[in-house]
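Every value quoted in this text rests on a predicted model; they were computed, and no experiment measured them. In the text below, chain A, chain B and the rest are named by the order of the sequence lines, each starting its count at 1.
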Amino acid sequence: MEKDKYNPKLFENKWRKIWEDSKIYEVPNDFVPKNKYYILPQLPYPSGSGLHMGHSEVYTGCDILARYKRLRKFDVLQVIGWDAFGLPAENYAIKTNIHPRKNTDSAIDNFREQIKSLGISVDWSREVGSHNPDYYKWTQWFFLLMYKRGLAYRANQTVNWCPNDKTVLANEQVTEKGTCERCGATVELKKMKQWYLKITDYAERLYNDLDKVDWPAETIKRQRDWIGKSSGAIVKFKVLNYDLEVFTTRPDTLFGVSFLVVSPEHEVANLLKGHIKNYNEVENYVENSLKKTELERLQQKEKTGVLLEGIYGIHPFTGEQIPIFVADYVLSSYGTGAIMGVPAHDERDFEFAQKFNLLIKRVIDSDQDLPFEGDGKLVNSDFLNGLSVDDAKEKIIAELEKNNLGYAKITYKLRDWSVSRQRFWGAPIPIVYDPDGNPHPVKDDDLPVLLPDDVDFMPTGQSPLTYSPSFQDGVEEKYGKGWRREVDTLDTFMCSSWYYFRYIDPQNDEAFASQENLKKWMPVDFYLGGPEHVNGHLLYSRFFTKVLFDEGIIDFDEPFLVHRHQGLVKGPDGRKMSKRWGNVINPTDVIEKYGADTVRTYLMFMGPLEQDKAWNDRAVAGVHRFLSKVWNLQYKVSKDEDSQQNSEINKLIAKITQDMENMSFNTYCAKLMEFSNFLQKCQKINQQVWEEFLILLSPTAPFLSEELWSRLGYKDSIHTQKWPDFDNSQIVDEVIEIAVQINGKSRGIVQVRANSTQDEVWNEVLKNPKFQNYLSDKPQKIIFVPNKIISIVV
RNA sequence: GCCGGAGUGGUGGAAUUGGUAGACACGUCGGACUCAAAAUCCGAUGAAGGUUAAACUUCGUGUGGGUUCGAGUCCCACCUCCGGUACCA
């Protein structure tokens, strides 16, 4: 054979086509897996700028695992699709006046081509796009399922409004600075009639069931913080005939209450306005507060508020009259929108009490300054005196419940999910209104409610569908005179909350997926995605899954068993890749220069999958050099047996198998390099060793390994072979090195037979003159770890 | 402020969970090939000291202490950086 050089261009496209034509990565819809392994890379948004390095990292990571699991004879399902609805496509359409479907479809074509060129082994027959009617039919179906189960409702509530994108945003889409996650404009508050999903009904289960999944601990914690579970109590304070309910996590401090505060939105002031002497002043304050944006409220450092003169809350146990304030540091959206002020044991109440000169009464004994929020013995608290905080909580709740003055209560920070969007490029909400304006679900045969094409999608603040000439066609015939369709579209997070179910049965037009197929493949065994989705997509997906479980459609209630995050691939300058910094590395350019195998292997080699890492052009070249060396090794392959090579490859199999199971792909690559350095030094390479090495290499370098495999004369693909088992008996290590420590310091090594006894090693140490200097005294103690170390204390 | 995570050569990163710290790679230096350069190949490469050269010695995983025959790994205190979150009662 003539010795040619490694040139991936000569064979990568060839193999790509052969794999596609022979459908080796496809799984027929009726296939029944015995040993299923469902791998899910996160659903990409097909942006116009094409695949970036982050995508490449996700798909390569999943693909290495997929190829490994296939070689281990798992029935692997690996899939891809498109999160195709959404604002960027619509904004681009507005700019260019070209229909978003057109941009989106060409972006998808581009993505598909790029993913294929990376050699990602997905089953393309299962590709889905959320903007296709046969997909969003089922997004709408899910909405109706929620509606039927009482989980979708319409409410006139204050919503986050982006004045730039002219749409409502979910809480999850508003940054902590109070700006729009997409465009950065300052979000305004606006009252609108919106559709909501009652995710709060599932707060407790969403919180607890995180115990069931194998996710990064940090991710679980972040999601739990977002759900924000607090245990406490509702306490009722009588105000004339009105029961003012407050929520507190510290009912034990009830005897330290010196004031009550209600939020500006609270009903009590309005209900009892006849009794409030300074109602004008109160009304003024409330109006002013409501005018402020949430951001402005948060930014004000000083606490403000107004006393409701003339009314009092009656303390449930002491009967004292407690002053009531309205103040905007109390949020209407949490708890009951009213609190009891215990300035001695709460920092915020303390600040408020100081400003308004209110009584500060210590009820927890401690030598620390007030406000004191720690544990201690209760004092000045009647029947609670002497108890610890925890015991006092228990006791007071029992007393409250016994006397009907309050009750134990768990509260969550999680809010219901607002899903209405006043935009065009999304799935229409499948609701029709009767002439009185009451909502009704569309009839089953009305699905999908198609997104019309005749829309002027320029933003006006009204939903673009309002102006479609055809959107309301046929509605009156179907539902009756005066009936109209809902013109808002669904948040795109609804599309991505269930997509992993669709891959299972992508062509089904009777259901989003058949029960049979759901049983066969779900839940997802491995999900790789970004940490930015923790409090959005991941939470919503878990919610959807639990609703399906409650509906009896599936028999599991967590969609993603194992979940990991990929780290950020940063630019060579260490900054996040961005046009702004001019540090963007385009995967296609690197594939063009070095081939896909180099890009894949480099992305894995640069560091642990979950860690952020910076691109390094020189290191990429190093990976390419490694693959070239592997290429050249093929010319040394021979039939000659070699026991050392046998031994080494078996050690390699053992180590690499571990790395694969731990998803430690960087060390997997390093060990392949190490072994190729070893082969480099051999005169000849035993063919069986070479074949096993190629199989070990194939997950990260599918093209190169396939080409070299075929050059051995094989007609079937390397990717359908079996991962080699390691054979301990083949590992012959006649001589190994044992570290010698004397008085805790490493003083060198001795070479001994593997599995030597302590005496054998000790003799070897005594023979070596090098150690004699340190061993003039008699050893007091010898610690021996077989095959590792001998430690001598003199 | 609170809650997480992490600090290892010039750089990215390894260390079977307590057993020779720095695997693998980049960079750098030296050599081979070449008229020359690139590419490629071979060798060296934690720091300081030491010797003609070696041997060798000391220090070394953010800082300070501790446990242990032995600590990057375990314990205590602190520093720095990065994330998350923030009037959630």
Side-chain angles (χ1 to χ4, degrees), chain A residues 5 176 216-226 228-230 232 246-251 253 261 263 297-301 303 327-331 333-342 345-349 351-352 373 411-415 531-532 534-535 568 574 602 605-608 610-623 625-626 628-629 632 654-655 658 662 664 666-677 680-681 737-749 770 773 779-794:
Chain A
K5 287 212 170 110
E176 60 182 288
E218 191 196 346
T219 302
I220 289 179
K221 204 194 156 297
R222 272 178 58 196
Q223 202 170 87
R224 284 206 165 126
D225 284 351
W226 183 261
K229 179 178 177 173
S230 324
V246 305
F247 173 72
T248 176
T249 55
R250 294 294 303 276
T253 62
V261 189
S263 68
R297 276 215 218 173
L298 288 175
Q299 274 174 346
Q300 70 194 23
K301 296 252 156 52
K303 291 204 172 8
D328 63 7
Y329 82 94
V330 172
L331 307 174
S333 54
Y334 183 77
T336 60
I339 60 140
M340 60 184 214
V342 185
H345 305 290
D346 183 280
E347 207 185 311
R348 297 151 302 178
D349 296 345
E351 210 182 299
F352 192 79
E373 299 185 348
T411 299
Y412 303 91
K413 286 192 225 172
L414 188 67
R415 293 288 104 83
E532 68 277 16
V534 169
N535 294 330
L568 210 60
Y602 174 63
F605 178 65
M606 56 198 303
E610 311 203 10
Q611 196 171 299
D612 291 353
K613 49 239 154 188
W615 188 266
N616 179 334
D617 282 316
R618 305 304 304 260
V620 184
V623 169
R625 200 172 299 141
F626 155 64
S628 304
K629 286 184 203 168
N632 293 331
K655 283 191 280 189
Q658 265 309 307
N662 297 334
S664 174
N666 55 327
T667 54
Y668 154 72
C669 294
K671 282 160 197 165
L672 290 172
M673 291 174 182
E674 207 175 353
F675 191 75
S676 94
N677 290 341
Q680 197 92 18
K681 294 192 169 76
E737 295 180 342
I738 295 216
V740 180
Q741 281 184 6
I742 298 166
N743 284 344
K745 279 195 189 291
S746 294
R747 292 298 177 184
I749 51 130
K770 183 171 155 187
N773 292 339
Q780 297 180 340
K781 194 173 170 191
I782 297 178
I783 293 113
F784 177 67
V785 184
N787 296 331
K788 278 268 150 67
I789 198 163
I790 182 163
S791 182
I792 301 139
V793 190
V794 295

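Among the protein residues, E737(A) comes within range of the nucleic acid bases, having at least one heavy atom under 4.0 Å from a base atom. Note on T248(A): only backbone sugar-phosphate atoms sit closer than 4.0 angstrom, heavy atoms only; bases stay farther off. Counting non-hydrogen atoms under 4.0 angstrom, Q741(A) reaches a base of the nucleic acid. Residue contacts for K229(A): at a heavy-atom cut-off of 4.0 Å it reaches no nucleic acid atom on any strand shown. Within the 4.0 angstrom heavy-atom criterion, only backbone atoms of the sugar-phosphate kind lie near G622(A); the bases stay farther away. Counting any heavy atom pair closer than 4.0 Å across all strands shown, P531(A) reaches no nucleic acid atom. Contact annotation for K745(A): backbone-only contact, meaning every heavy-atom pair under 4.0 Å involves sugar-phosphate atoms and none involves a base. Within the 4.0 angstrom heavy-atom criterion, no nucleotide atom of any strand lies near G335(A). Among the protein residues, D612(A) comes within range of the sugar-phosphate backbone only, with heavy atoms under 4.0 Å from sugar or phosphate atoms but none that close to a base. Using a 4.0 Å heavy-atom cutoff across all strands shown, N616(A) reaches sugar-phosphate atoms only and no base atom.
Listed nucleotides: U40(B), A89(B), G13(B). Nearest to the side chain of Y334(A): A89(B). The side chain of F605(A) lies closest to A25(B) when the candidates are C69(B), U20(B), A25(B). Taking the side chain of R625(A) as heavy atoms from C-beta on, and the options U20(B), G27(B), G4(B), the nearest nucleotide is G27(B). Side-chain proximity of R747(A) to U58(B), G43(B), C24(B): nearest is U58(B). Proximity note for V785(A) (side chain, C-beta onward) versus G19(B), A23(B), C26(B): the nearest is G19(B). Of the candidate nucleotides G19(B), A15(B), C24(B), C24(B) has the atom nearest to the side chain of A670(A). Among A89(B), G19(B), C87(B), the nucleotide with an atom closest to any side-chain atom of I783(A) is G19(B).
Using atom P as the reference point in both A15(B) and U20(B), the two lie 13 Å apart (nearest Å). Taking the C1' atoms as reference points, U68(B) lies 9 Å from G18(B), given to the whole Å. Comparing G46(B) with A53(B), their C1' atoms are spaced 22 Å from each other, to the whole Å. A gap of 15 Å separates the C1' atoms of U8(B) and C24(B), to the nearest Å. Rounded to a whole angstrom, the distance from the C1' atom of A44(B) to that of G65(B) is 39 Å.
In U17(B) the O4'-C1'-N dihedral to the base is within 90° of 0, which defines a syn nucleotide. Base orientation for G9(B): syn, the chi torsion being within 90° of 0.
Put simply, CD on E347(A) is 10 Å from P on C2(B), counting in whole angstrom units. The distance from atom NZ of K613(A) to atom C1' of C82(B) is 16 Å, rounded to the nearest whole Å. Atoms CE (M606(A)) and C1' (G13(B)) sit 11 Å apart, rounded to a whole Å. Here G1(B) presents its P atom at 15 Å from CD of E373(A), a figure rounded to the nearest Å. Atom NZ of K788(A) and atom C1' of A15(B) are 11 Å apart (whole Å). In this structure, the NZ atom of K5(A) is 16 Å from the P atom of A38(B), given to the nearest Å. Taking atom CZ of F626(A) as the reference point, atom P of C24(B) lies 13 Å away to the nearest angstrom. The distance from atom CD of Q611(A) to atom P of G4(B) is 20 Å, rounded to the nearest whole Å.
Proximity of S230(A) to the phosphate of A89(B): a side-chain N or O atom is located under 4.0 Å from OP1 or OP2. Dashed line: the shortest gap from a side-chain N or O of S746(A) to OP1 or OP2 of A21(B) is under 4.0 Å. In terms of phosphate contacts, N677(A) brings a side-chain nitrogen or oxygen within less than 4.0 Å of OP1 or OP2 of A25(B). Residue R222(A) places no side-chain N or O under 4.0 Å from the OP1 or OP2 atom of U85(B). At the phosphate of G27(B), OP1 or OP2 sits under 4.0 Å from a side-chain N or O atom of R618(A). OP1 or OP2 of C3(B) has not a single side-chain nitrogen or oxygen of R224(A) nearer than 4.0 Å. Side-chain nitrogen and oxygen atoms of N666(A) include at least one within less than 4.0 Å of the OP1 or OP2 phosphate oxygen of A14(B).
Between the side chain of Q780(A) and the backbone N or O of V793(A), no donor-acceptor pair lies under 3.5 Å. Remark: the backbone N or O of D349(A) is not paired with any side-chain donor or acceptor of Y329(A) at under 3.5 angstrom. Distance alone, capped at 3.5 Å, is enough to place a donor-acceptor pair between the R415(A) side chain and the S333(A) backbone.
In a base pair of the Watson-Crick type (N1 to N3 plus N6-O4 or O6-N4) or a G-U wobble (N1-O2 and O6-N3), with each distance short of 3.5 Å, A86(B) is matched with no nucleotide. Under the Watson-Crick or G-U wobble criterion, with both distances below 3.5 Å, U73(B) is left unpaired in every strand shown. U80(B) and A6(B) make up a base pair, with Watson-Crick or G-U wobble contacts both under 3.5 Å. When both pairing distances are held under 3.5 Å, C29(B) makes a Watson-Crick or G-U pair with G43(B). The base-pairing partner of G12(B), taking Watson-Crick or G-U wobble contacts with both distances under 3.5 Å, is C24(B). In a base pair of the Watson-Crick type (N1 to N3 plus N6-O4 or O6-N4) or a G-U wobble (N1-O2 and O6-N3), with each distance short of 3.5 Å, U51(B) is matched with no nucleotide.
Within 6.0 Å of CD in E347(A) there are 12 or fewer heavy atoms belonging to other residues, nucleotides or ligands.
Between D225(A) atom CG and E218(A) atom CD the span is 10.5 Å, to the nearest 0.5 Å.
With hydrogens and angles left out, the side chain of K221(A) and the base of C3(B) share no donor-acceptor pair within 3.5 Å.
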